[in-house]
S.K.: 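Have a look at this one.
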Amino acid sequence: MSVRVRYAPSPTGNQHIGGVRTALINYLFAKSKGGSFILRLEDTDRRRYSPEYVQNLYDTFKWLGFYWDEGPDIGGPVGPYVQSERFELYRKYAEDLVRMDKAYYCFCDSDRLERLRQEQIATKKDEIGYDRHCRSISKEERDRNIAEGKPHVIRLKIPLDGVTVFHDELLGNIEWKNADISPDPVLLKSDGFPTYHLANIIDDHLMEITHVMRAQEWIPSAPLHRIIYDAFGWEMPELCHLPMVLGQDGHKLSKRHGATAVNEFRKAGYLPEALINYIALLGCSYEDGRDIYSLDELVGLFKIERLNKAPAVFDYQKLEWFNGQYIRQKSDEELSVLIHPYLIEAGLRSELDTAKDQMELAAMPLVKERLKFLTDAPAIMAYLYGRLDLPPVETYLPKKADAQDAAVFLEEDTRILQEFGLDDISSVEDKFRERALEMGKKLGDLLMPLRVAITYTRVSPPLFESMKILGLGESLDRIEKSIQYLRGA
RNA sequence: GUCCCCAUCGUCUAGCGGUCAGGACAGCGGGUUUUCAACCCGCCAACAGGGGUCCGAUUCCCCUUGGGGAUACCA
């Protein structure tokens with residue numbers, strides 16, 4: 001039978017690192033087995049649901065560049081792939097369970113449940129959770145309540161004793177005392193929507209899911225799922241619980257750890273390749289032990305056995321390193337297209353401007369290895385787009401030089417440039433070297449003021465290449481402006 | 001509280017009885033150099049503790065400790 005896995009997010013928030021990693025691992029596993037990766041929307045929490053999150057889900061995965069084979073937006077043979085569109089299904093199956101005496105109606109209201117909880121907390125009892133009050137009400141009472149139209153939920157009957165065993169592909173067999181399973185969890189809510197526990201099982205079964213790969217936080221509900229599968233007489237998919245992703249403080253990764261939503265990373269100038277590469281290495285390794293992997297390479301190398309069991313801490317620094325690696329891997333053409341939006345946003349250029357396109361392409365070799373994020377581009381490149389405010393005089397000064405010295409250096413620079421131009425950068429550089437020697441100065445003495453005059457900062461992309469891009473005339477003008485500025489100081 | 005999962009450098013990890021415990025990020029030092037990067041070289045740095053099993057344990061078993069997760073009409 002061919003492998004079918006699913007990613008089943010709940011559209012109650014933006015796609016975040018943890019979810020996307022679960023999706024990626026599912027995808028890698030499916031593709032490594034020649035199977036299918038399916039998206040199912042678990043929109044049964046009507047309070048927290050919002051359609052914008054569905055859009056965010058689609059946007060995120062389009063940007064990341066790996067996508068499902070079946071899903072709400074592209075259809076497939078076992079749809080619908082949205083649980084709210086499968087609404088009737090769940091009640092029918094829940095009623096079946098009641099008929100089989102595997103589940104029961106519960107009429108307890110939230111007030112009673114809340115009181116119960118408070119009591120349990122106050123008395124520090126070992127057993128915490130529902131007290132199974134409605135499990136034992138008489139048939140008459142039940143029917144009367146139904147006839148009165150009293151709101152109700154349907155709860156699963158967890159066996160009072162005995163054990164439930166399930167198998168995990170990574171963790172092996174896990175045995176659970178039934179007494180330790182959450183007592184009689186709700187399967188069908190009073191609004192008629194199923195809970196995760198019911199819905200995921202019915203849908204996984206109907207959608208012929210073969211492997212369920214989800215985060216380890218789900219382990220405690222696995223025995224309960226086993227009980228439901230058994231009740232229906234269905235075969236349970238293979239389970240594989242993935243190690244969790246933690247923040248630097250060792251707790252489940254969340255907003256307070258910094259960026260966690262994928263669109264935040266996107267906005268911050270990360271490349272999808274870097275994110276995928278980094279995430280694939282969190283809690284997993286690949287036989288040849290490299291660092292850089294393309295998505296296709298990951299597919300070819302993925303193995304469940306190489307999944308780690310222990311949780312992994314998300315390291316922003318290492319992700320940054322990956323981002324730099326992938327930026328440098330881009331061709332000049334690719335990179336200039338990628339930074340385009342950020343330059344427009346910074347007001348450095350408009351959408352269509354072929355002159356700027358050419359200039360940027362020429363500038364790519366100068367900035368490529370200086371970018372850690374795409375968002376760094378505007379600040380690094382601003383001087384190429386026009387004149388900026390002149391920096392404080394001190395910025396110009398080489399060691400042991402004052403403003404007048406700097407002006408002298410710049411005048412000397414002007415002479416050399418006027419004489420030799422910028423056509424052959426390396427020979428012009430030699431001229432500067434020779435001149436510095438003659439003057440008994442360091443090359444840096446001649447070049448630091450020049451760098452500041454041209455780029456307005458002491459830290460910049462390569463100087464001569466920059467001047468060449470700006471053109472000799474513009475470069476000389478900028479130098480002249482700075483000479484006047486320094487003379488006036 | 002109770003239950004469950006887990007445990008190698010600061011972090012991500014390799015290791016599947018005999019290794020100088022390897023790599024990557026970060027950090028530190030050096031090289032290159034007109035700045036900053038990038039790049040290259042080097043250094044620092046780990047088997048949580050205690051019992052077993054075994055000729056021999058980082059590796060297998062148990063306990064302790066530590067960390068995480070779950071205990072919802074959220075997923």
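No hydrogens, no waters, no symmetry mates; every other heavy atom, side chains included, goes into these values. Because the structure is predicted, anything quoted here is derived from the model rather than measured. So you know, we letter chains A, B, ... as the sequences are listed, proteins then strands, and number each from 1.
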S.K.: Which one is paired to B/G42, where only Watson-Crick or G-U wobble pairs with both distances under 3.5 angstrom count?
M.R.: B/C28
S.K.: Can you tell me if A/R155 touches the phosphate of B/C73, counting only side-chain N or O atoms and a distance under 4.0 Å to OP1 or OP2?
M.R.: yes
S.K.: Can A/E114 and A/Q118 be said to form a side chain to side chain donor-acceptor pair (under 3.5 Å), step by step?
M.R.: CA-CA 6 Å; A/E114 186 50 35; A/Q118 293 311 325; 2.6 Å; yes
S.K.: Checking all strands, does A/W218 fall into the base, sugar-phosphate, or nothing category for heavy-atom contacts under 4.0 angstrom?
M.R.: base
S.K.: What interatomic distance, in whole Å, is found between P of B/U34 and the corresponding atom of B/C28?
M.R.: 24 Å
S.K.: Which residues pass the ring-ring contact (aromatic ring centres under 6.0 Å, His included) test with A/Y396, sequence neighbours left out?
M.R.: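 Checked A/Y396 against ring-ring contact (aromatic ring centres under 6.0 Å, His included); matches are A/Y485.
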S.K.: Nearest whole Å is fine: how far is B/C74 P from A/Y53 OH?
M.R.: 17 Å
S.K.: Heavy atoms under 4.0 Å, any strand shown: does A/S221 hit a base, just sugar-phosphate, or nothing?
M.R.: nothing
S.K.: When the nearest nucleotide of RNA chain B is assigned to A/E369 and to A/I219 on a heavy-atom basis, which residue is associated with the more 5' position?
M.R.: A/I219
S.K.: Nearest-Å distance, CE (A/M467) to C1' (B/U34)?
M.R.: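 Distance, rounded to whole Å: 10 Å.
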S.K.: Looking for any heavy atom pair under 4.0 Å, which part of the strands does A/G444 touch: base, sugar-phosphate only, or nothing?
M.R.: nothing
S.K.: Taking atom C1' in both B/A37 and B/C20, compute the distance separating them and give it to the nearest angstrom.
M.R.: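 The same atom, C1', in both gives a distance of 36 Å.
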S.K.: Between A/D43 and A/Y53, do the side chains contain an N or O donor and an N or O acceptor separated by less than 3.5 Å?
M.R.: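 There is no such pair between these side chains.
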S.K.: Charged N to carboxylate O under 4.0 angstrom, A/D203 versus A/R86?
M.R.: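 Judged by the 4.0 Å cut-off on N to carboxylate O distance, A/D203 and A/R86 do form a salt bridge.
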S.K.: Go ahead and name the base partner of B/U2; Watson-Crick or wobble counts if both distances stay under 3.5 Å, otherwise write none.
M.R.: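 Here B/U2 is engaged in a pair, and the nucleotide opposite it is B/A70.
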S.K.: Parallel, tilted or perpendicular for A/Y130 and A/Y104, by the 30°/60° rule?
M.R.: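 Rings of A/Y130 and A/Y104: parallel, as their planes differ by under 30°.
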S.K.: Given B/G69, B/U35, B/C74, identify the nucleotide with an atom nearest to the side chain of A/K189.
M.R.: B/C74
S.K.: Can you confirm if the aromatic rings of A/F61 and A/Y7 lie within a centre distance of less than 6.0 Å?
M.R.: yes
S.K.: Rounded to the nearest angstrom, tell me the gap between atom CH2 in A/W321 and atom P in B/A37.
M.R.: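 About 18 Å, once rounded to whole Å.
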S.K.: Would you call the rings of A/F87 and A/F193 parallel, tilted or perpendicular, taking 30° and 60° as the class edges?
M.R.: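 Aromatic pair A/F87/A/F193 classed perpendicular.
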S.K.: Report yes if the side chains of A/M467 and A/L417 come closer than 4.5 Å at any heavy-atom pair, otherwise no.
M.R.: yes
S.K.: Mind checking whether A/F29 and A/H211 have ring centres under 6.0 Å apart?
M.R.: yes
S.K.: Any idea which of B/G69, B/C74, B/U35 is nearest the A/D45 side chain?
M.R.: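 When the side chain of A/D45 is considered, B/C74 is the closest of B/G69, B/C74, B/U35.
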S.K.: Checking contacts here: which listed nucleotide (B/A24, B/G69, B/A75) is nearest the side-chain heavy atoms of A/D291?
M.R.: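 Given the options B/A24, B/G69, B/A75, the side chain of A/D291 is closest to B/A24.
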S.K.: Would you mind classifying the nucleic acid contact of A/Q325 as base, sugar-phosphate or nothing, using non-hydrogen atoms under 4.0 angstrom?
M.R.: sugar-phosphate
S.K.: Roughly how far apart, to the nearest Å, are B/C47 and B/C6 at atom C1'?
M.R.: 16 Å
S.K.: When you compare the side chains of A/Y278 and A/E320, does any donor N or O come within less than 3.5 Å of an acceptor on the partner?
M.R.: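 Side chains of A/Y278 and A/E320: no pair found under 3.5 Å.
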S.K.: What's the gap between B/C62 and B/U53 when it is taken at their P atoms, as a whole Å value?
M.R.: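 These two P atoms come out 15 Å apart once rounded.
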S.K.: Which part of the nucleic acid, if any, lies within reach of A/R328 when heavy atoms closer than 4.0 Å are counted: base, sugar-phosphate only, or nothing?
M.R.: sugar-phosphate
S.K.: Quick one: label A/R290 by what it contacts on the DNA or RNA (base, sugar-phosphate, nothing), any heavy atom closer than 4.0 Å.
M.R.: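 Contact class for A/R290: none.
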S.K.: Can you find an N or O donor on one side and an acceptor on the other, under 3.5 Å apart, linking the side chain of A/S190 with the base of B/C73?
M.R.: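 Donor-acceptor pair under 3.5 Å: yes.
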S.K.: Tabulate protein N/O versus nucleotide N/O from nucleotides 9-13 of chain B, keeping only pairs under 3.5 Å, one per line.
M.R.:
unit_1 : atom_1 : unit_2 : atom_2 : d
B/C12  : OP1    : A/V313 : N      : 2.9
B/C12  : O2'    : A/L281 : O      : 2.9
B/C12  : O2     : A/K318 : NZ     : 3.4
B/U13  : OP1    : A/G283 : N      : 2.2

S.K.: In this structure, how many angstroms lie between the C1' atom of B/A7 and the CE atom of A/M244, rounded?
M.R.: 16 Å
S.K.: Taking atom P in both B/G30 and B/U11, compute the distance separating them and give it to the nearest angstrom.
M.R.: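 About 27 Å, rounded to a whole number of Å.
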S.K.: Quick check on RNA chain B: between A/K177 and A/G250, whose nearest nucleotide comes earlier from the 5' end?
M.R.: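 It is A/K177, whose closest nucleotide lies nearer the 5' terminus.
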S.K.: Starting at CD of A/E320 and ending at P of B/A38, how long is that distance when rounded to a whole Å?
M.R.: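 Checked: the CD to P distance equals 11 Å.
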S.K.: Using the C1' atom on both, measure B/A7 against B/G15 and round to a whole Å.
M.R.: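 After rounding to an integer number of Å, I get 15 Å for this pair.
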S.K.: Tell me which nucleotide, if any, is Watson-Crick or G-U wobble paired with B/A7 when both distances must be under 3.5 Å.
M.R.: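 Paired with B/A7, as far as the under-3.5 Å criterion goes, is B/U65.
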S.K.: Roughly how many Å is it from CZ in A/R112 to P in B/A72, rounded to a whole number?
M.R.: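 From A/R112 CZ to B/A72 P: 14 Å.
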S.K.: Using only side-chain N and O atoms of A/S182, determine if any of them is under 4.0 Å from OP1 or OP2 of B/A72.
M.R.: no
S.K.: Could you check which of B/U35, B/C6, B/U34 has an atom nearest any side-chain atom of A/L463?
M.R.: B/U34
S.K.: When the P atoms of B/U59 and B/U71 are compared, how many Å lie between them, rounded to an integer?
M.R.: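 Per the computed distance, 34 Å lies between those P atoms.
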S.K.: Would you kindly give the CG-to-P distance between A/L301 and B/A14, to the nearest whole Å?
M.R.: 14 Å
S.K.: Give the nucleotide from the list B/C74, B/U35, B/G69 with an atom nearest to the side chain of A/R48.
M.R.: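 Output: B/C74.
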S.K.: How about A/H225 and A/Y196: are their ring centres within less than 6.0 Å of each other?
M.R.: yes
S.K.: Would you mind classifying the nucleic acid contact of A/H251 as base, sugar-phosphate or nothing, using non-hydrogen atoms under 4.0 angstrom?
M.R.: sugar-phosphate
S.K.: State which of B/U34, B/C73, B/C36 makes the closest approach to the side chain of A/E429.
M.R.: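 Minimum distance to the A/E429 side chain belongs to B/U34.
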S.K.: How is A/P462 classified with respect to the nucleic acid when contacts are heavy atoms under 4.0 Å: base, sugar-phosphate, or nothing?
M.R.: base
S.K.: Across the strands shown, which category fits A/K252 at heavy-atom distances under 4.0 angstrom: base, sugar-phosphate, nothing?
M.R.: sugar-phosphate
S.K.: Mind checking the C1' distance from B/G67 to B/G49? Whole angstroms is fine.
M.R.: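 Those two atoms are separated by 15 Å.
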S.K.: Taking CH2 from A/W176 and P from B/G69, how many angstroms apart are they, rounded to a whole number?
M.R.: 15 Å
